[in-house]
Amino acid sequence: MDWTRGGLDEHVSFTESYPLFMKSQYDHSKPFNPKTYLPEFRSYRMHEWENQSSDATTGESTSTEPTLRHPCEVLAEHWDDVFERYPFASHLFDIGILDLKSSHCGLCKLLAQGTTTAEDEFAPSNLGVYTVNLLGERERLAADNYAPENYVMGITISVGGHSRLAKHLKGLSRRNHRHGPQGLLVPAIKQGDKQEYRSPYMARVIDPNQVEFGLLNKWIDNCRTNHTACQHLQGSIDELGVTLTVVDCVLQAKVPLARGEKYLALSYRWGPPPQCDDPWAVSAAPRTVRDAMVLTLKLGFRYLWVDRHCIDQSDDGEKAKQLGIMDYIYEQATLTIVAMAGVDDSYGLPGLGTEPVVSRTEPSQVNLAGHTLVSLSPNILTSVQQSEWSARAWTFQEALLSRRLLLFTSEQVYFVCRTTYWSELLPDFPDAKQHRDDGAVSEYDPYSGSDPEVSLSNLFYFESGGLDSAASELDQFSRDVNIYLKRTMSDEKDGLNAFRGILNRSFYWSYYGVPLITRLGRELSKTMVSRIIDHGMTSKLPTTVGDSVRIIVEKYVSSQRMEKMISVISSAAAKKRERKTIFGSTYYDDYKYDSVPGPGEPFDPSPALAFLHGLSWAVDPETTCHRRPSLPTWSWVSIYGGAITFDCDPDGVKELPTDVWTILNSDVKVWLPSGEKMPPDWIEFDAIFRNSPTKVIPELSSLIRVESYTGNIEDMIFQPRARESTYDSDKILISVVGQTKAEKYEIHVDCLNELPHCTLDEVSTWKGLQWKLILISRTSIYNPDRKWRHMWSDWEPTNVFLIIRPAGPCWKRVGLLKTKDRLYHHMKRMAVVLT
């Protein structure tokens, strides 16, 4: 046998014998439980095989000296042993990276692709080769009703040595192989292979030129039949009184969609418009749209919604109306076709079979002892991340708002829904998320991804560092915003419109993209707004939180309002929610104080205060942002390219279970203009909120008027980070006119290119800029529990100031300052108009 040429013998048959399971005395009359009948793992299995030789007559094993053999030669002889079933993983052998890369063996070459080069000083010298169970933990639980022979293992690699091998093996899965493009190899069945299937969950080798439409229909039917969450609609287009225009794929013409008719939608990247008299006509449709029309008919549907053809591009009013209901359009579509391959809409859908054929890239594969091992890479997240489609701003909401996606990549087709996902290479995996809590998911929560399996709830979260669910509503909103900010668009004026559908479905009310932030239990409602009158709240800023506590306690306890509210709220089971502390521990709390106004808060949640807190976003100093000049600087929609954070998360992690974040009544007033006319007629923010027909408050103008404590900036210094430092960042310091102590305050600037002219690698100082800072929000933490109240009695609030610069008669936002110093004591109240 000459393994150096990659030609392993084919003497190991594809046997159906499972001695391991026979020894476990598996009772077929009971559901198969992997934790009961399968060993968890084994280590250094190659050593076992190298030191054993079996007597064919007696079956007795004798110990022999190990011979110098290539590991893949041993694997070929022990094919069935290699893929013995384990709930987690099994360790085969360790190998040096240089040995792996220098080998001529086909399997080694495939495993070596994408590993770190030896010239890298941080590169590990060794790799571990493992078999992993393709079924994740939840999938294994969901699969307790099928026999163990349906399990299937794959081969993967992991860098370095592991002192706690048992723990490492439990952490390996098909979803976390990140060590090169060929990180996971699985047994596959080629089309036309006469051998019996070893497992229904084995991979299959796909036809690069032709998608199997029966498989696609099978996925769609399975989802429509079994996934309760994927049936849920938050509303109907018919209820809005809107008639959609769709493409009739039979007539190849645009027609109005009849009430109750099913349709598909298309998500794709636009290309240059065709040079013809009517570039929006169906007859001028680009290749991708034409392919999507063919696919629509192949899947048994007739109507297709495509934005470029179904939205009247010449009618701005109709266009704005359609953009306002994008969440309804994509959610109500039975399926959204995603053209992920190619750079624009001229590429087509790979594997559809239309002429000229757009072929797919065949997956890497190798033959081991007559059996096919195929690479599952690139996985779905890598395919999404590397596509031009995922770089486009519009496609984020198109995917997130859909119920089902059919992703056409350059390698294969994926089906992704609110519940799970399937792929052509692994088309029949168990539907794990149907079995959450022993029951189907009855209502769609796009952010409930407690299982790290890919679904529509986390398809894009590779951009934010993982698949874990968000810790709070504000955490989720921030995550969506930061994913969106990294995307590009051809028309920067669409910075708000391309996110409008997500705003429609957000937990928060919003204005120009700015969330009206409140804590759970203090949500805004129209009934509360009707009672927003100052209930004797002092307009003077409290000196300390302790002063506020006394004011609130004296006011509410005397009338027994607070105690009555607490007694009613604390018994509500629906208020119990999962919560984390700053130390990482998890607990459940009934949030009995959440609905009670905190110290310094108005009796009812205030839309104006919630909006002002939403203005407290700041650019992450580790990122670089640029400004969209056509959008209001006070909203995060005016920037792109970096990441933002908000001042504090009212529902984020706390030190103690009963800690409560409060948004203090800072006596800041906000007005919005009644229209575009100049000078504008100003209306109080709360009145605009009260009359808004939707949670996305209509944008009448890019101006807002804010009356608050305002101060002047005396000078500003730019200090570049030390270029040899990995951890430092650039600093911008200001001093404030009227401050008695000569202290400088660090500010967060939205876009460095908006600073006065300076060289970013040397210190710069500016004086006489006429820049100001204006107080917009004050937040603090308190604990009304008697046991802990003393700890927070003198807790200093966080004061948030906008840094603004003159722009004609108005002011533009430049950045943000957060401090616990009471700078407002030396400031004057004045009204400014922000644009």
Side-chain angles (χ1 to χ4, degrees), residues 492 495 512-514 611-612 614-621 623-642 644 647 668 670-673 678-680 701-720 730-739 744-760 763-777 799-819 823-824 826-835:
E492 297 298 340
Y512 245 114
V514 176
F611 175 69
L612 288 166
L615 291 178
S616 67
W617 56 270
V619 172
D620 184 340
T623 65
T624 301
C625 282
H626 304 279
R627 188 78 72 182
R628 294 185 171 112
S630 59
L631 295 172
T633 58
W634 44 265
S635 172
W636 62 264
V637 300
S638 69
I639 62 170
Y640 67 95
I644 68 170
D647 169 39
V668 180
V670 185
W671 294 269
L672 301 181
M678 297 297 289
S701 169
S702 61
L703 304 178
I704 60 172
R705 185 171 182 260
V706 180
E707 180 184 315
S708 183
Y709 296 88
T710 307
N712 296 315
I713 295 177
E714 186 171 1
D715 58 51
M716 182 167 64
I717 300 175
F718 173 77
Q719 294 181 346
D730 297 331
K731 291 183 179 181
I732 302 172
L733 307 175
I734 65 168
S735 58
V736 181
V737 174
Q739 294 303 303
K744 294 190 178 295
Y745 299 93
E746 183 176 359
I747 65 173
H748 300 274
V749 172
D750 300 340
C751 307
L752 287 177
N753 58 6
E754 291 183 342
L755 291 174
H757 178 72
C758 70
T759 303
L760 295 181
V763 176
S764 299
T765 303
W766 302 275
K767 293 182 180 291
L769 289 176
Q770 298 184 332
W771 288 16
K772 292 182 180 292
L773 66 164
I774 181 169
L775 177 69
I776 59 166
S777 181
N799 306 301
V800 181
F801 296 83
L802 288 187
I803 308 299
I804 55 178
R805 63 181 175 88
C810 302
W811 296 80
K812 289 188 175 183
R813 170 182 162 136
V814 178
L816 197 80
L817 166 64
K818 294 191 292 185
T819 178
L823 300 180
Y824 51 81
H826 305 279
M827 295 180 178
K828 296 180 180 180
R829 287 186 64 86
M830 66 176 291
V832 300
V833 177
L834 302 179
T835 183

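Throughout, residue positions are numbered sequentially from 1 according to the sequence presented. Scope of the values below: all heavy atoms of this structure, side chains included, with no hydrogens, waters or symmetry mates. Because the structure is a prediction, the values reported are computed rather than measured.
- Using a 4.5 Å heavy-atom cutoff, the side chains of P720 and V763 are in contact.
- Every side chain to side chain donor-acceptor pair (under 3.5 Å) that N712 has, sequence neighbours left out, goes to K772.
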Go through I713 and V737 one step at a time and tell me if the side chain to side chain contact (heavy atoms under 4.5 Å, CB included) criterion holds. CA-CA 6 Å; I713 295 177; V737 174; over 6 Å; no
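- Rounding to the nearest 0.5 Å places OG1 of T633 at 11.0 Å from CD1 of I639.
- The heavy-atom pair separating L834 from V706 by the smallest distance is CD1-CG2, 4.2 Å.
- What you find for G495 and L631 is that their closest heavy atoms are CA-CD1, 3.9 Å.
- Here the closest non-hydrogen pair linking L816 and A618 is CD2-CB, 3.6 Å.
- For E714, there are no salt bridge (charged side-chain N to carboxylate O under 4.0 Å, His left out) partners two or more places apart in sequence or in a different chain.
- Distance check, rounded to the nearest 0.5 Å: CG of L802 to CH2 of W617 gives 8.5 Å.
- Listed by chain and residue number, S638, D750, E754 satisfy the side chain to side chain donor-acceptor pair (under 3.5 Å) test with R627 (two or more places apart in sequence, or in another chain).
- Here the side chain of S777 pairs no donor or acceptor atom with the backbone of L612 at under 3.5 angstrom.
- Considering only residues two or more places apart in sequence or on other chains, T624 meets the side-chain contact (heavy atoms from CB on, under 4.5 Å) condition with H626.
- With contacts defined as side-chain heavy-atom distances shorter than 4.5 Å, the pair D730/L752 qualifies.
- Summarising the geometry, atom CG belonging to L672 is positioned 8.5 Å from atom OG belonging to S701; distances are rounded to the nearest 0.5 Å.
- Partners of S702 according to the side-chain contact (heavy atoms from CB on, under 4.5 Å) rule, which considers only residues two or more places apart in sequence or in another chain, are Y512, P632, T835.
- Taking the side-chain contact (heavy atoms from CB on, under 4.5 Å) definition, one finds that P680 meets it with P673, M678, W682, sequence neighbours left out.
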Kindly indicate, with the supporting measurements, whether the criterion side chain to side chain contact (heavy atoms under 4.5 Å, CB included) is fulfilled by V670 and F611. CA-CA 9 Å; V670 185; F611 175 69; 4.1 Å; yes
Side chain to side chain contact (heavy atoms under 4.5 Å, CB included) for L773 and I804? Distances and angles first, verdict last. CA-CA 6 Å; L773 66 164; I804 55 178; over 6 Å; no
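- The CZ atom of R805 lies 10.0 Å from the CG atom of L755; values are rounded to the nearest 0.5 Å.
- Contact annotation: the side chain of F801 never approaches that of T710 to less than 4.5 Å [non-hydrogen atoms, C-beta and beyond].
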From CA spacing to verdict: side chain to side chain contact (heavy atoms under 4.5 Å, CB included), E707, M830: CA-CA 5 Å; E707 180 184 315; M830 66 176 291; over 6 Å; no
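- With rounding to the nearest 0.5 angstrom, the OG1 atom of T819 is 6.5 Å from the CG atom of N799.
- Applying the side-chain contact (heavy atoms from CB on, under 4.5 Å) criterion to P756, with sequence neighbours excluded, gives M716, W766, L769, W771.
- Within the 4.5 Å cutoff, no side-chain heavy atoms of I644 are placed close to those of T623.
- Across all their heavy atoms, Q770 and P806 have their closest contact at O-CD, 3.5 Å.
- For the pair Y640 and C625, the minimum side-chain heavy-atom distance is 4.5 Å or more.
- Summarising the geometry of L703 relative to C810, their closest heavy-atom pair is CD2-SG, 4.2 Å, with the distance given to 0.1 Å.
- Contact check for Y709 versus I774: no side-chain heavy atoms found under the 4.5 Å cut-off.
- Within the model, atoms CG of L823 and CG of L817 stand 6.5 Å from one another, a figure rounded to the nearest 0.5 Å.
- Residues I717 and I732 fail the side-chain proximity criterion, which asks for heavy atoms closer than 4.5 Å.
- Listed by chain and number, the residues in a side chain to side chain donor-acceptor pair (under 3.5 Å) with E492 are R628 (sequence neighbours excluded).
- With sequence neighbours left out, S735 forms a side chain to side chain donor-acceptor pair (under 3.5 Å) with D715.
- Relative to the six-membered ring of W634, R813 misses at least one condition, a distance below 6.0 Å or an angle of at most 45° to the axis.
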